[in-house]
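The next block holds one structure in the form of structure tokens; read it before the comments.
All figures in this text were calculated on a predicted structure; none of them were measured in a lab. Count residues from 1 along the sequence.
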Amino acid sequence: MRLSDLIAEEINRLIDESLDNTAEIQRNELALRVGCVPSQINYVLSSRFIPEQGYIVESRRGGGGYIKITRVRLDKASALMHLVNTLGPDIDDATARIILDNCHRSGLIDEKAAKLMYSAISSSVMRGVPVTLRDELRAVILKNMILSLV
């Protein structure tokens, strides 16, 4: 398992264990716990815990500063529509995988659907498409597959 996956898993575990879908962490403390540098925590927060994926991240600097991550809970249809509306005109392979993993983890789609959707938009499928169009085509396909679930 990659380090970024371990960090995301630890943050999700903290959120899951909370009563209010919120985790408060100190970046340096979490970095020590998972054995990484604090900038790696920033990378995971900025790539996996974003509003488009149903998270609100707040930070407070200074002595005793913390990062507060809240998982927003919407009904399935609202969450999927929010996701479609926040997806941009293009999406790369790694981001698509993260979005589908988050959808599965949050219960919006089951594992079989997530795997099927990813297989339809993966880099291996897009190999025959001109490089300049791959991410745009991937976004269109992903949006339409998500809309079919609403």
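With values rounded to the nearest 0.5 angstrom, Ile91 atom CD1 is found 12.0 Å from Leu137 atom CG. Interatomic distance, Leu83 CG to Ser78 OG, rounded to the nearest 0.5 Å: 12.5 Å. A distance of 7.5 Å separates OG1 in Thr86 from CD1 in Ile99, rounded to the nearest 0.5 Å. Here the straight-line distance linking atom NE2 of His104 with atom CG of Asp110 works out to 7.0 Å at 0.5 Å rounding. Note that the CG atom of Asn21 and the CG atom of Leu14 stand 12.5 Å from one another [nearest 0.5 Å]. Interatomic distance, Ser148 OG to Met117 CE, rounded to the nearest 0.5 Å: 6.0 Å.
Taking each heavy atom of Gly88 and Ala139 in turn, the nearest pair found is O-CB, 3.9 Å. Of all the heavy atoms in Ser39 and Arg27, the pair that sits closest is N-NH1, 4.0 Å. In this structure, Leu149 and Lys76 approach most closely via the heavy-atom pair O-CE, 4.5 Å. Scanning both residues, Ser123 and Asp93, for their nearest heavy atoms gives N-OD1, 3.1 Å. A pairwise comparison of heavy atoms in Ala77 and Val150 identifies CB-CG1, 4.2 Å as the closest pair. When all heavy atoms of Phe49 and Val57 are compared, the pair lying nearest together is O-CG2, 3.1 Å.
Side-chain atoms of Met145 and Ile141, non-hydrogen and from C-beta on, do get closer than 4.5 Å to each other. Looking only at side-chain heavy atoms (C-beta outward), Met81 and Leu147 come within less than 4.5 Å of each other. The shortest side-chain heavy-atom distance between Pro89 and Glu136 does not fall under the 4.5 Å cut-off. Under the 4.5 Å side-chain criterion, counting only non-hydrogen atoms from C-beta, Ser4 is in contact with Arg48. By the 4.5 Å heavy-atom criterion applied to side chains, Tyr43 and Leu3 are not counted as neighbours. At least one side-chain heavy atom of Arg33 sits less than 4.5 Å from a side-chain heavy atom of Leu30. You'll find the side chain of Leu100 reaches within 4.5 Å of the side chain of Ile121, heavy atoms only. Considering only heavy atoms from C-beta on, Ile146 comes within 4.5 Å of Leu87 through its side chain.
Arg134 contributes a side-chain N or O that, together with a main-chain N or O of Arg127, makes up a donor-acceptor pair within less than 3.5 Å. Between the side chain of Thr22 and the main chain of Asp20, a donor-acceptor pair closer than 3.5 Å is present.
Placement of Ile98 and Leu6 in two distinct hydrophobic clusters is found when ILVMFWY residues are connected by side-chain heavy-atom separations under 4.5 Å, directly or transitively. Under a hydrophobic-cluster definition in which Ile, Leu, Val, Met, Phe, Trp and Tyr are linked whenever side-chain heavy atoms come within less than 4.5 Å, directly or via other members, Leu45 and Leu32 are assigned to different clusters. Ile25 is connected to Val34 through a chain of hydrophobic side-chain contacts under 4.5 Å among Ile, Leu, Val, Met, Phe, Trp and Tyr, so both are in one cluster. Val125 and Val129 sit in two unconnected hydrophobic clusters of ILVMFWY residues. Membership requires side-chain heavy atoms under 4.5 Å apart, directly or through other members. Linking ILVMFWY side-chain heavy atoms closer than 4.5 Å, directly or via other members, places Val44 and Val37 in two distinct hydrophobic clusters.
Comment: Asp16 engages Arg71 in a salt bridge, judged by a side-chain N to carboxylate O separation of less than 4.0 angstrom. Ion pairing of Glu9 with Arg13 is absent here, as no side-chain N (NZ or NE/NH1/NH2) approaches a carboxylate O to less than 4.0 Å.
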